[in-house]
Amino acid sequence: MTTPTRRDLPPRYEAAVVEPSIYERWLASGAFTPAAEPPADAERFVIIMPPPNVTGALHNGHAVFVTLEDTMIRYHRMRGDDTLWLPGVDHASIAAQFVLDRIIGEEGETRASLGRERYLERMWQFMDETRGVIGRQMHRLGASADWTRGRFTMDPISARAVRVAFKRLWDAGLAYRGEALVNWCPRCRTTISDLENVHRDETGTLWTVRYHLIGPDGEASLDETISVATTRPETILGDTAVAVHPDDARYRALVGREALIPIVNRRVPIIADPAVERAFGTGAVKITPAHDFDDYEMGKRHGLPMVSVLDEDARITEVGGDLAGMDRYDARSEVVARLEAAGDLAGSREHPMVIGHCDRCGTVVEPRLSVQWFIRAGPLAERALASVREGRTRIIPDHQEKVYAHWMENIHDWAVGRQLWWGHRIPAWYCPDGHITVSDAEDGPDACAACGLPSAELTRETDIFDTWFSSGLWPFSTMGWPDDTPDLRRFYPTSVMETGPDILFFWVARMMMLGLFCTDVEPFHTVYLHGIVRGEGGVKMSKTKGNVVDPLEVVEQIGADALRFALVTGTSPGMDQRLTAAKLDGGRNFTNKLWNATRFVLGARPEPAGEPEGEPTLAERWIASRLSGAQERATRQLDALDMSGYAGSAYDFAWSEYCDWFIEMAKVELRREDATPGERERVWRVAADGLAGMLRILHPLMPFVTEQAWSFLHEADPRATDGEPLLVSAAWHAGGRRDDASESAVDALVDLVRGLRHLRTETGVPAGEWRHLVVVAADDRAAATLEDGRRYLEALARGRPVEVLPAGSASARPAGVVTSSLGAAWYAADDESPEAAARRDAQADHLRRGIERLRALLANSSFTERAPAAVVERERGRLAELEAQLRQLDG
RNA sequence: GGGCGAUUGGCUCAGCUGGUUAGAGCGCACGGUUCACAUCCGUGAGGUCACUGGUUCGAAUCCAGUAUCGCCCACCA
């Protein structure tokens, strides 16, 4: 792979050629790895990369976080901070098993046919194949993470942190095991958390069913019935009561009697409970405590039996008699059919409802009664909430703090066990007497903690942890916690947690809770939530819609810098963004612009290089000052994490100031026939310094093109790069002295040039034609500025000759006159056209309207008395300026 | 059912704690091929800042309400 030499640069930036070799250079330089010792007095800036799923392929979500985090890290690295960006991948137990199950399925195997041990062997083999893939894809995006510290949530270091953290939770009484109703996915065959149970609006059927009451003779009455409504008739098999509201007159007499549950012929009590909504359905509810969260609570209140009728595959259990073994939906139809046959189906109608689905596989989730491990979330949430409330951790955008708070305030205990194989096994051991021993030792406990029975007699828990448990420890488990390692001391707590709002609860909240519990400190001081990337028209990207933009393909075509620029520009934290072809084109064009600005500077190098001589011209003083301003702005915006603002202002400086105006003025100086080699050298160095400054500003966002340009510049003149061969490790410049006089002088000249160009366009003067240009200075100071800028006026307004007259001269103005704060200007010939007169009249009208408006404003005493003095003063100045211009227009 | 967010030229978005004549990119119109770049340069047209009311000398910006769209949370059969 060869990169172009500076002598023969193509006019197009060739990303596919440049970028891989640049990345190699960075890796070889070791720039991404923190020095052995932190620099003295350095601030710390640490980001823990959100670990992508080990099985996943790079998508735009990754591209967004890589871009944002890389930009932050590169900025702080250039600032000389003690910087670490720590990458890793997540074992994603449920997602990984989902993928592997499919793969072994193609090989004719199943989880059951392999068994736990062989399945896990197969999984590790799969991990070896996929583990490095996404990291290498991130290289193409320019991710400057410290790959030497790459972590995996299944590494021994993480495994130990999981054991220790859980042991501490257990010892603190914040972990417990108990029977409860949990969300169960019959396809994944595991418990899932509330968060993984996603609700969707659906239309179901609401059946009304008659239950026969038990008569005084102890037999089911034929005519005495109570009707209940249900959307899940199959759960009738597990009914253990019928409930009515205690104040419901319709049913008061029935409370205390019994009803007969059809098919299973179970006699159940009719109970009264205020949770029953009288207005819904028939006002009487069938109670299935083992399969419904409301019913479960009611069952506990009334001491009802809890009968499980669905097994782990959501098939009917033996409780269902001859329905046993039937799938839940087949059973539903069968139950309905039998009720109908028996004449006990009172009706059915469509019913809008919300149904929980498994986040991973989409299967309808069943509430299922089982013995599970839980984390007691309340006390943990309290601290995590206080951290944000009291400002020790800040969430951007800040309105997300309310969302976070609401969740923390209403938190449920976390069902943390999973009936899966791939993941961290819960370190709990059971002895035959029912004692539980939790151990953080790698080999488990020596003996039962309660009765001392030796470990050989104990059996280990087979459940594993929810993936998010190990993820919740990520900010410190990656640094060697619980050991007091040098990395932990040096890099923890971290700085910014940058991630998507969709995992605020899954991940950010858990990191806060577990981080505070384990380390007594907030794991990061800022949470930055980016928006979701959508496609054209604001549509969510999906493979089925075919509107997926593959970031790697984009990188291949137009380069990572273009993609990164497109992903940051015009976005706002937490707000969804659209990645459109037009936006990508914009990024590509800007990258190319930078490339060509570099080509200009390199091509303009005087040969041989001499020593600079002479005083800096207006253009030189101006660009130095504007660069300073751009540096200051970029610094402020990056410090405030205003990534889009930074991208925008850097773009404006590079394109609208450096390229559009400075380069054009520099050409004038460099190509002047009477310029000495020393003067040319002086101008070139300013141009080179300006380019270097621009590259420094843009490097965090667009590392590749800036690095390549920097290396050419370094080759051309190491003084321009402060002798630093690699931009990645060059210093950030935060901006300094401004030169207000040059800035306003050039602003005024630019204004005048624009007016003249407008005039030319309106009056149809061919763009390339040279015209005799007359400028009458507004005052002595303007005259001096015009003298300074004479050469620029000549080139930029195509004036030849340019005649600068002192203030007060040439009283008669032709039609084609334009004014600016510097004075009045016109082309000496062809200036009496109707178009020119129209242009002058329009300008005069415009000035008069402005003057009127300002006069009225300043005549308003409530304005002059109540507005701040500075504002009033500014308006007065504007009025004076407009009045002066109007006088200039008339001569 | 609760909570949050959005609404600015044809499109995509800026607009910080209220202060000129509301900006940019794309698109559009017109003009431009010698010396960095046509992935470019120049010029221009195009907006009563969703609506109603309020606060203020002054509101796209602050407050209240309305409408439309979007997102999140929620165990009513």
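Hydrogens, waters and symmetry mates are skipped; everything else that's a heavy atom, side chains included, is used. Order of the sequence lines fixes the chain letters, A, B, ..., with proteins taken first and strands second; residue numbering starts at 1 for each chain. None of the values given here were measured: they were computed from a predicted structure.
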Tell me if the centroids of the rings in A/His351 and A/Phe280 come within less than 6.0 Å of each other.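 Yes; A/Phe280 has its ring centre under 6.0 Å from that of A/His351.
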
Using atom C1' in both nucleotides, what's the gap between B/rC51 and B/rC13 to the nearest angstrom?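 Nearest-Å result for B/rC51 against B/rC13 at atom C1': 22 Å.
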
Taking atom C1' in both B/rC40 and B/rA36, what distance in whole Å separates the two? 10 Å

For a salt bridge (charged side-chain N to carboxylate O under 4.0 Å, His left out) with A/Glu883, tell me which candidate from A/Arg878, A/Arg876, A/Arg855 qualifies.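 Considering A/Arg878, A/Arg876, A/Arg855, a salt bridge (charged side-chain N to carboxylate O under 4.0 Å, His left out) with A/Glu883 is found only for A/Arg855.
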
So, are A/Asp239 and A/Lys286 salt-bridged, with charged N and O less than 4.0 Å apart?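 Answer for the salt bridge query: yes.
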
Under a 4.0 Å heavy-atom cutoff, the residues of residues 873-886 of chain A touching RNA chain B are A/Arg874, A/Arg878

Heavy-atom protein contacts under 4.0 Å, nucleotides 35-44 of chain B, coded B base, S sugar-phosphate only, - none: SBB-BSSSSS

If you assign each of A/Ala275 and A/Lys540 to its closest nucleotide in RNA chain B, which residue comes earlier from the 5' end? A/Lys540

Pairing donors with acceptors under 3.5 angstrom, does anything connect the side chains of A/His357 and A/Glu202? yes

Residue pair A/Thr635 / A/Glu632, side-chain donor-acceptor N/O under 3.5 Å: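 Side chains of A/Thr635 and A/Glu632: no pair found under 3.5 Å.
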
Considering residues at least two apart in sequence or located in another chain, which fulfil the ring-ring contact (aromatic ring centres under 6.0 Å, His included) criterion with A/Tyr404? none

Hey, what are the protein-to-nucleotides 5-15 of chain B N/O distances that come in under 3.5 Å?
{"unit_1": "B/rU12", "atom_1": "OP1", "unit_2": "A/Arg578", "atom_2": "NH1", "d": "2.9"}
{"unit_1": "B/rC13", "atom_1": "OP1", "unit_2": "A/Arg578", "atom_2": "NE", "d": "3.4"}
{"unit_1": "B/rC13", "atom_1": "O3'", "unit_2": "A/Gly570", "atom_2": "O", "d": "3.4"}
{"unit_1": "B/rC13", "atom_1": "O2'", "unit_2": "A/Gly570", "atom_2": "O", "d": "3.3"}

The correct list of stems in which RNA chain B takes part (3 or more consecutive Watson-Crick or G-U pairs, distances under 3.5 Å) is B:1-7 with B:67-73, B:10-13 with B:23-26, B:28-32 with B:40-44, B:50-54 with B:62-66

Residue pairs, two or more places apart or on separate chains, that pass salt bridge (charged side-chain N to carboxylate O under 4.0 Å, His left out) and touch residues 570-584 of chain A: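 Sorted result for residues 570-584 of chain A: A/Arg534-A/Asp576.
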
